[in-house]
Amino acid sequence: MKKILFAFLILCGSLANAQLVINEFDSDTPSTNDKQFVEIKSATPNFSLTGYVLVLFNGTGSQANLSYYVLDLDGITTDLNGLALIGNSLVSPVPAKIITDSTFQNGPDGAAIYLGNGTDFPAGTAATTTNLIDALVYDTGDADATALMTAFGVTAQIDENMNNLQTTQSIQRKNDGTYEVKAPTPGDTNDGKGINYNGLTISVAASEFAEGQAVDITFTTESVVLTPLTFNYSVSNGNFNTSDYTGSLSVTIAAGSNAAVKTITLVDDLLDEGDENMKINVGTIPSLFVRMNDNVLVRILDNDFVVSPWGTPLNPTYGLVSSTAPAGYYDSLEGKSGTQLKQAIQDIIANPAVVHAHNYGDIETILKKADQNPLNSNQVWLMYTEIPRSKLDIQETGINTGKWNREHIYPQSRGGYSDGTSSIPDGINVWAATNADDIMAGHADAHHIRAEDGPENSSRGNKDYGEYLGPTGNQGSWHGDVARAVFYMAVRYNALSVVNGNPANTTVGQLGDLALLLQWNQTDPKDDFEMNRNNYIYTWQVNRNPFIDYPNLADYIWGANAGQAWFSSLSTNQFTEDRVVVYPNPTKDYVVLSGIESNSKIAIYSLTGAQLLETNSSNDERLSLNLASGAYLMKITSGSKIILKKLVVR
């Protein structure tokens with residue numbers, strides 16, 4: 001916004017005989033498309049848009065000339081320049097109506113203003129000139145959508161990329177009714193003439209504060225105010241309310257100044273309410289002022305979070321969390337082999353009389369508990385990137401940067417259950433019966449869905465494991481987890497299988513690489529985090545992942561022991577029974593093993609299975625290491641038992 005206030009000016013120029021026109025349009029903004037906007041201009045100021053509707057149309061493909069988005073403009077009024085701004089939350093000044101990020105397609109597509117209501121244009125409505133007020137057909141370096149142009153009765157398609165700067169420029173209407181492409185001017189007239197508003201900006205020194213801290217909020221105008229400017233603001237948001245802070249919510253910017261600072265003190269209530277977002281909103285301001293930003297979020301970190309007794313997958317513990325499987329849960333597997341063993345497992349985990357199927361909306365609730373960071377109960381643990389993230393930062397729009405979302409280990413497109421269940425959560429007490437042929441239940445089967453970094457989830461896509469090996473530098477703390485999840489899915493659902501190699505990514509019902517996953521099942525043994533997860537999901541789905549409770553089942557179905565009879569005695573919980581401790585872990589150049597028998601055999605492997613060291617060690621004996629930084633697997637043969645431990649070298 002411009003910094004000098006002018007007296008009221010009569011609007012000049014022609015709107016090409018239309019009461020309303022699309023004055024400026026920005027469909028493609030840098031990186032994440034979170035600054036898209038459309039600006040509507042009226043022939044007279046303070047014009048009500050009630051009775052009008054904005055409709056967006058596809059220009060090509062199977063949905064060409066059909067609507068994909070509609071916004072009723074009721075309640076919006078243009079300003080003193082005859083402008084009304086509609087856009088994403090990061091558009092500045094603040095739009096009269098906020099729309100979801102990435103709403104606009106980049107073209108060739110169209111936008112139109114009609115006389116009517118939103119209900120007149122359900123998704124898939126054909127473009128027409130009936131009740132059409134104004135239309136724009138646009139693109140970002142694409143061929144003309146001639147059929148859409150004909151449907152609107154327009155003769156030109158405007159290229160937002162005509163200057164090869166598509167993400168930094170917008171399409172702007174000139175007073176003669178033609179268009180040009182230049183730097184965006186949301187909320188300002190395209191020719192620089194008209195009323196100049198004084199912009200008000202909210203700023204905070206940091207994006208995060210802990211309970212007990214003081215938060216200084218600065219309110220700044222672009223130009224000094226000639227008379228005192230007084231207004232109110234609010235900071236409440238959801239569960240963050242007046243019990244969580246103290247401080248005045250009234251602001252006065254003194255005459256001759258352009259800034260004022262208000263302080264909010266956060267209350268340390270000693271309760272674990274979880275992290276919260278404080279939202280700063282400005283109340284009513286005089287007509288010649290405009291908000292440059294609003295709804296400013298500040299993260300309030302709750303310092304009363306709970307720490308679990310077990311470790312993260314990156315620094316795992318073993319034997320602290322026991323299986324909650326009921327007595328006799330796996331009795332039917334005893335002595336079975338081959339296809340009979342696999343069928344017996346399926347009879348348990350897909351039992352239609354027992355197992356509960358929930359929907360995709362419930363998965364968010366489940367993951368916030370099942371994937372909770374053991375070191376901070378207000379965070380989830382992200383599997384591939386091996387870091388925590390606030391539970392609040394779940395992806396809710398098309399923008400995934402800095403967000404976490406729901407990763408299907410057996411991808412949706414490969415499983416054949418894309419969007420197979422509702423995204424509206426209905427809770428643990430609402431469920432459907434399911435069976436082994438109910439492939440759509442796989443869309444929301446928590447045993448193979450994990451909290452994950454949004455961009456990394458996109459990077460994995462629907463690749464097989466082996467083809468996908470995680471982000472650069474990851475330590476493989478998730479290898480065994482995904483292996484056991486894939487094994488579960490391949491038995492739980494008749495339509496799914498796990499195969500050797502990497503089948504085409506378009507192959508439905510197959511996922512690889514079996515040989516690698518069998519190896520990962522060994523080199524990244526189940527830990528307390530994974531067992532706790534299995535226990536919690538059981539409370540919702542009333543089925544367990546048997547390959548977590550008994551990892552070696554995989555070898556009896558697909559691996560070295562295939563065809564042999566399986567007995568639970570072959571899978572004793574070695575970590576609990578032997579109570580072997582390796583410390584320090586993480587370490588630098590040595591470890592001490594406690595709880596082992598004399599002359600135990602020690603072997604250390606890389607995560608790819610290469611043996612790097614083999615020696616003998618006694619109880620509490622210091623074992624020198626000469627290993628590069630990274631994660632390793634330690635195999636301890638103690639008496640008649642084999643014990644696996646994860647070792648991290650700094």
Residue pairs passing the salt bridge (Lys or Arg N to Asp or Glu O under 4.0 Å) test where at least one lies in residues 459-473, sequence neighbours excluded: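 Qualifying pairs, neighbours excluded: Glu407-Arg460, Arg414-Asp464.
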Pairwise salt bridge (Lys or Arg N to Asp or Glu O under 4.0 Å) hits with a residue in residues 97-115, at least two apart: none
Considering only heavy atoms from C-beta outward, does the side chain of [X] approach that of [Y] to under 4.5 Å?
{"X": "Val53", "Y": "Asn117", "answer": "no"}
{"X": "Thr221", "Y": "Phe289", "answer": "yes"}
{"X": "Tyr233", "Y": "Asn281", "answer": "no"}
{"X": "Asp419", "Y": "Gln412", "answer": "yes"}
{"X": "Asp453", "Y": "Tyr384", "answer": "no"}
{"X": "Asn293", "Y": "Ser92", "answer": "no"}
{"X": "Thr103", "Y": "Leu56", "answer": "yes"}
{"X": "Tyr493", "Y": "Tyr410", "answer": "no"}

Donor on one side chain, acceptor on other, Glu276 and Asn239, under 3.5 Å: no
Distance-only polar pair, side chains of Asn400 and Gln395, donor-acceptor under 3.5 Å: no
Closest contact, heavy atoms only, [X] versus [Y]:
{"X": "Val235", "Y": "Ile217", "value": "CG1-CD1, 4.3 Å"}
{"X": "Tyr468", "Y": "Pro471", "value": "OH-CD, 3.7 Å"}
{"X": "Asn502", "Y": "Gly512", "value": "ND2-C, 4.4 Å"}
{"X": "Asp74", "Y": "Gly51", "value": "OD1-N, 2.7 Å"}
{"X": "Asn33", "Y": "Asn88", "value": "O-OD1, 3.3 Å"}
{"X": "Val380", "Y": "Leu367", "value": "CG1-O, 3.9 Å"}

Test of understanding: with side-chain contact (heavy atoms from CB on, under 4.5 Å), list the residues that count as partners of [X], not counting sequence neighbours.
{"X": "Thr60", "answer": "Pro108"}
{"X": "Asn373", "answer": "Thr312, Leu375, Asn376, Gln379, Trp381, Pro388"}
{"X": "Pro184", "answer": "Glu24, Asp26, Phe37, Ser170, Pro186"}
{"X": "Asn237", "answer": "Asn277, Lys279, Leu297"}

Residues Val290, Met292; criterion side chain to side chain contact (heavy atoms under 4.5 Å, CB included); working and verdict: CA-CA 6 Å; Val290 64; Met292 300 305 291; 4.2 Å; yes
Residues forming a ring pair (Phe, Tyr, Trp, His ring centres under 6.0 Å) with His408, sequence neighbours excluded: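 With neighbours one apart ignored, the set is Tyr360, His443, His448.
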Pairs touching residues 88-121 that satisfy ring pair (Phe, Tyr, Trp, His ring centres under 6.0 Å), sequence neighbours left out: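 Of all non-adjacent pairs touching residues 88-121, those that pass ring pair (Phe, Tyr, Trp, His ring centres under 6.0 Å) are Phe25-Phe104, Tyr114-Phe121.
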Qualifying ring pair (Phe, Tyr, Trp, His ring centres under 6.0 Å) pairs with a residue from residues 57-101, counting only residues at least two apart or across chains: Phe57-Phe152
Test salt bridge (charged side-chain N to carboxylate O under 4.0 Å, His left out) applied to Asp481 - qualifying residues, sequence neighbours left out: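 By the salt bridge (charged side-chain N to carboxylate O under 4.0 Å, His left out) rule, Asp481 matches Arg450.
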Results of salt bridge (charged side-chain N to carboxylate O under 4.0 Å, His left out) for Lys368 - residues two or more places apart only: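 Glu364.
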Using only atom types and a distance under 3.5 Å, with no angle test, would you say the side chain of [X] pairs donor to acceptor with the backbone of [Y]?
{"X": "Asp142", "Y": "Thr140", "result": "yes"}
{"X": "Asn196", "Y": "Gly194", "result": "yes"}
{"X": "Asn258", "Y": "Glu222", "result": "no"}

Inter- and intrachain pairs under side-chain hydrogen bond (donor to acceptor under 3.5 Å, both in side chains), touching residues 122-133, at least two apart: Thr128-Thr130
